[in-house]
J.: 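Below is the structure I would like to discuss, written out as structure tokens.
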Number of protein chains: 2
Amino acid sequence: MKQITKHVIRNDLKRLFTYRICLIGFKRKGFDRIYSHDLGEEAGVTADQVRKDFSVYKMKGNKKGGYIITDLLNAIDEIFKYQNNQYVILVGMGNIGQALVQYKRFILRKMIIVASFDINPSKQSKRFGIPVLPMSMMREIIDKFHVNVAILAVPEISAQDATNKLIDSGIIGILNFAPVILKVPDEVIVSNINLCDELESVIYYTQKVM
Amino acid sequence: MKQITKHVIRNDLKRLFTYRICLIGFKRKGFDRIYSHDLGEEAGVTADQVRKDFSVYKMKGNKKGGYIITDLLNAIDEIFKYQNNQYVILVGMGNIGQALVQYKRFILRKMIIVASFDINPSKQSKRFGIPVLPMSMMREIIDKFHVNVAILAVPEISAQDATNKLIDSGIIGILNFAPVILKVPDEVIVSNINLCDELESVIYYTQKVM
DNA sequence: CATGTTTTGTGATTTGTTTCACATTAAAAA
DNA sequence: TTTTTAATGTGAAACAAATCACAAAACATG
Ligand SMILES: NC(=O)c1ccc[n+]([C@@H]2O[C@H](COP(=O)([O-])OP(=O)(O)OC[C@H]3O[C@@H](n4cnc5c(N)ncnc54)[C@H](O)[C@@H]3O)[C@@H](O)[C@H]2O)c1
Ligand SMILES: NC(=O)c1ccc[n+]([C@@H]2O[C@H](COP(=O)([O-])OP(=O)(O)OC[C@H]3O[C@@H](n4cnc5c(N)ncnc54)[C@H](O)[C@@H]3O)[C@@H](O)[C@H]2O)c1
């Protein structure tokens, strides 16, 4: 077990995701070229930052002519290896879990929730488009679909237990919604979503402004 | 309208939130003092970082004796001004909106969703513990409860429209779940939650590991 | 009461990220 | 064809964040 749980997603990678969303938007509007300036405005960063990011990943544009959108999208896809669907599982079919399994955009981005798990048998009988299974079936599903990543949406009190079971079953990446710092081995990636913190931050900053 | 939408929550502030969660946990377990080392382990950062953060905000501990947990919690509360309840509204009572209005932890942290809004009249008749109102009542509620901050959970296509209406009605902080960069005036704070990006990042990092 | 140990507190240093400045290039205009 | 303009590309500089190193304090021990 590691002492320091790193769950930091590099900022430039986050920006690449943003760029991709913006680029898809521009493409849909009929553009096939884009200037760093315009992409920056849309993505909420400076043009310098855009060019620097592209420079780091060796994406080339045309002096005076801007960047070709499909080239950029291909390059980004290459960085993130988007050939195949990525299968994930979800644990905890409560309020937030049920919202997530119905989120269409995951599928658009080739991330498929193949099954969800819950200790509560009454959840297991409900229909959400994907099967809701007992915890005992976790390993079987993980092996069958070669799942590496899980979304964790169980109550705080159960989060570490569920994490242990996930790691035991072969999971090496967790998107964690419980406001808890999970103890995991070095090689496991954890990314924490803490909506209270986010909302509180916004409140904090609005009060600074006034 | 500003070109560069900054919606960055400073890193040390985020850590303060984490520290608070951990400190509350320690307190509940019966501790009243804590060493930077132990807090760091729980919070997933180094002991150095903990001490540095506290040093910046002038929170003092006792050489050899560690920090007094209630002192730290009071100091953090002071930084974030936690005397009063903070009222917020939510727009878009779809899958994610419904999960959020039922999230108890917001209330624990004194953030109260006083009302939600939806264009769909069929949502307006449903019961979720808080009223679901038509968009036309937004200004009235914002004024009545002195609301500054909104949670935005409408489809991407409606996000900018809804944002304009929110800002028009006096909102100056938005927690945005739509995967869209919102155009807002300089003084408005936007914090974007992009769950696709987060999940994709985790997948990306797990594939790097292998 | 001196000595050793543990822990805080913080300036100095290192590392990482963003911005700046400008050379380079390609297209458009003269 | 030459000049001007508008863009990219990237090393250097500035800035920000994290880590290091160690002095200072407090307590424990003999
Ligand atoms: N509701 C929200 O909007 C929201 C927002 C942010 C974070 N969260 C966090 O997400 C988590 C879930 O929140 P929720 O509101 O959906 O809670 P919930 O109580 O509605 O759902 C939790 C689900 O997890 C299941 N569960 C409990 N222990 C389990 C275990 N050990 N293994 C498998 N399943 C288990 C329960 O049966 C239940 O279906 C919590 O940690 C919460 O803090 C929720
Ligand atoms: N479902 C998820 O788990 C999830 C996860 C992350 C992000 N999101 C994002 O959150 C947003 C909502 O997702 P969802 O799954 O809840 O969608 P949804 O379709 O279930 O709900 C959207 C709700 O917004 C209402 N609405 C539409 N236009 C409106 C407007 N102009 N003003 C007020 N209300 C309006 C609709 O009536 C509906 O009730 C989307 O942008 C989505 O990308 C959803």
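Given the structure is predicted, the values throughout are model-derived calculations rather than measurements.
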J.: Counting only side-chain heavy atoms from C-beta out, which of C:dT10, C:dT7, D:dT8 sits nearest to A:Tyr67?
T.: D:dT8
J.: The side chain of B:Tyr35 lies closest to which of these nucleotides: D:dT19, C:dT19, C:dT8?
T.: C:dT8
J.: Rounded to the nearest angstrom, tell me the gap between atom CG in A:Leu13 and atom P in C:dT18.
T.: 11 Å
J.: Specify the separation, in whole Å, of atom CG of B:Asp48 and atom C1' of C:dG11.
T.: 13 Å
J.: Look at the side-chain N and O atoms of A:Lys14 and state whether any lies under 4.0 Å from the OP1 or OP2 oxygen of C:dT17.
T.: no
J.: How long is the line joining CZ of A:Arg51 and P of C:dA21, in whole Å?
T.: 13 Å
J.: To the nearest Å, give me how far apart CD1 (A:Ile68) and C1' (C:dA26) are.
T.: 13 Å
J.: How would you label the contact of B:Gly61 with the nucleic acid (heavy atoms, under 4.0 Å): base, sugar-phosphate, or nothing?
T.: sugar-phosphate
J.: How about A:Tyr67 and A:Tyr35: are their ring centres within less than 6.0 Å of each other?
T.: no
J.: Do you see a donor-acceptor pair shorter than 3.5 Å between the side chains of A:Asn164 and A:Gln160?
T.: yes
J.: Expressed as a whole number of angstroms, how long is the span from B:Asp71:CG to C:dG9:P?
T.: 11 Å
J.: DNA chain D: A:Lys64 or A:Lys52, which has the more 5' nearest nucleotide?
T.: A:Lys64
J.: Take atom CE of B:Met59 and atom C1' of C:dG9, then tell me their distance rounded to the nearest Å.
T.: 14 Å
J.: Would A:Lys183 and B:Glu42 pass as an ion pair if we require N to O under 4.0 Å?
T.: yes
J.: Rounded to the Å, how far apart are A:Lys63 NZ and C:dT25 P?
T.: 6 Å
J.: Say whether B:Tyr19 and B:Asp53, considering side chains only, have a donor N or O and an acceptor N or O under 3.5 Å apart.
T.: yes
J.: Taking the nucleotide of DNA chain C with the nearest heavy atom to each, does A:Gln49 or A:Asn62 sit closer to the 5' end?
T.: A:Gln49
J.: Are OP1 or OP2 of D:dT10 and a side-chain N or O of A:Tyr57 less than 4.0 angstrom apart?
T.: no
J.: When you measure from the side chain of B:Thr46, which nucleotide among C:dA21, D:dA7, D:dT19 comes out closest?
T.: D:dT19
J.: Quick one: on DNA chain C, does B:Phe54 or A:Arg15 contact a more 5' nucleotide (nearest heavy atom)?
T.: B:Phe54
J.: Give the rounded distance in Å between these two atoms: CG of B:Leu39 and P of C:dT7.
T.: 14 Å
J.: Do A:Tyr57 and A:Asp12 meet the criterion of a side-chain donor-acceptor pair at a distance under 3.5 Å?
T.: yes
J.: Let me spell it out: for each of A:Gly65 and A:Lys58, pick the nucleotide of DNA chain D with the closest heavy atom. Which residue's pick is nearer the 5' end?
T.: A:Gly65
J.: Choose from D:dA18, D:dT8, D:dA21 the nucleotide whose nearest atom is closest to any side-chain atom of B:Asn11.
T.: D:dA18
